[in-house]
Amino acid sequence: NAGVTQTPKFQVLKTGQSMTLQCAQDMNHEYMSWYRQDPGMGLRLIHYSVGAGITDQGEVPNGYNVSRSTTEDFPLRLLSAAPSQTSVYFCASSPRVGAVRFPQHFGDGTRLSIL
Amino acid sequence: AQSVTQLGSHVSVSEGALVLLRCNYSSSVPPYLFWYVQYPNQGLQLLLKYTSAATLVKGINGFEAEFKKSETSFHLTKPSAHMSDAAEYFCAVSAGGSSFNKFYFGSGTKLNVKP
């Protein structure tokens, strides 16, 4: 059971380039979310999805797009990379159980540097 | 609005000593509270959660936390530190409901365990 798989693990981009961070889960979880982690700031929510075809913005959505065509996959797209997007990105998934929504399973992260 | 404050970005204890990591929250509604642990180069793992049941919550690896409404606190403790506890710990708060955008992380506390 792989859990939440993120690819790539490391990436260096030039300013203005675009790329897609991949996230896949094999637990049939309805809820998936993307966070960025910056030193001294904890994790901040970028986008989330409550099921295939349904996405919504989080706290810091600017410069990022998402889509959810299947339950398993939730890719994050950087449209035009900027140095401020240098960060560690985490994908998380959660089952639809209980009244409280919280990220339950995390991937190992993608470390992204924008030059 | 909800937020969490973690007092002390770095905490150092000796092996076998008490671990106390502080978390205070602000919430306009009764909160749900969480502690996560992050080991180097890994994603976050859920340690424990408070969802309005017993105020003393036991988690994995011998950790526990107590919800104190009068102090708006949810401090994490462990009676005896082990070298393997060295990691970064995040407190998080949710106002509940079906939306992930009501979930907020603190800035984290790095725990160092000295031999």
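First the proteins, then the strands, lettered A, B, ... as listed; each starts at 1.
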>> Under 4.5 Å from any heavy atom of chain A, what part of B:Lys49 do you find: side chain, backbone, both or neither?
In response: side chain
>> So for A:Arg111, is it side chain, backbone, both, or neither that comes closer than 4.5 Å to the heavy atoms of chain B?
In response: side chain
>> Under 4.5 Å between side-chain heavy atoms, counting indirect links through other Ile/Leu/Val/Met/Phe/Trp/Tyr residues: same cluster for B:Leu56 and B:Val93 or not?
In response: no
> Nearest heavy-atom pair of A:Pro103 and B:Phe105: which atoms, and what distance?
Replying inline: CG-CZ, 4.1 Å
Ignoring hydrogens and angles, write down the donor-acceptor pairs under 3.5 Å from the side chains of residues 72-79 of chain B, residues two or more places apart or on other chains.
{"from": "B:His75", "atom 1": "ND1", "to": "B:Cys23", "atom 2": "N", "distance (Å)": "3.0"}
{"from": "B:His75", "atom 1": "ND1", "to": "B:Cys23", "atom 2": "O", "distance (Å)": "3.4"}
{"from": "B:Thr77", "atom 1": "OG1", "to": "B:Glu64", "atom 2": "O", "distance (Å)": "3.4"}
{"from": "B:Lys78", "atom 1": "NZ", "to": "B:Asn61", "atom 2": "O", "distance (Å)": "3.0"}
{"from": "B:Lys78", "atom 1": "NZ", "to": "B:Asp85", "atom 2": "OD1", "distance (Å)": "3.0"}
{"from": "B:Lys78", "atom 1": "NZ", "to": "B:Asp85", "atom 2": "OD2", "distance (Å)": "2.9"}

> With hydrophobic residues grouped by side-chain heavy-atom distances under 4.5 Å, do B:Phe67 and B:Ile60 end up in a single group?
Replying inline: yes
> Side chain, backbone, both or neither: which part of A:Gln6 has an atom under 4.5 Å from a heavy atom of chain B?
Replying inline: neither
>> What's the separation between atom CZ in A:Phe102 and atom OG1 in B:Thr51, rounded to the nearest 0.5 Å?
In response: 8.0 Å
>> Counting only non-hydrogen atoms closer than 4.5 Å, can you tell me which residues of residues 34-47 of chain B sit against chain A?
In response: B:Phe34, B:Tyr36, B:Gln38, B:Asn41, B:Gln42, B:Gly43, B:Leu44, B:Leu46
> In Å, rounded to the nearest 0.5 Å, how long is the span from CG of A:Leu45 to CZ of B:Phe103?
Replying inline: 10.0 Å
> Any chain of hydrophobic side-chain contacts (each under 4.5 Å) joining B:Val19 to B:Met83?
Replying inline: yes
>> How long is the straight-line distance from CD of A:Glu59 back to OH of B:Tyr104, given to the nearest 0.5 Å?
In response: 6.5 Å
> If you take all heavy atoms of B:Ser107 and A:Gly40, which pair is closest and at what distance?
Replying inline: CB-O, 3.3 Å
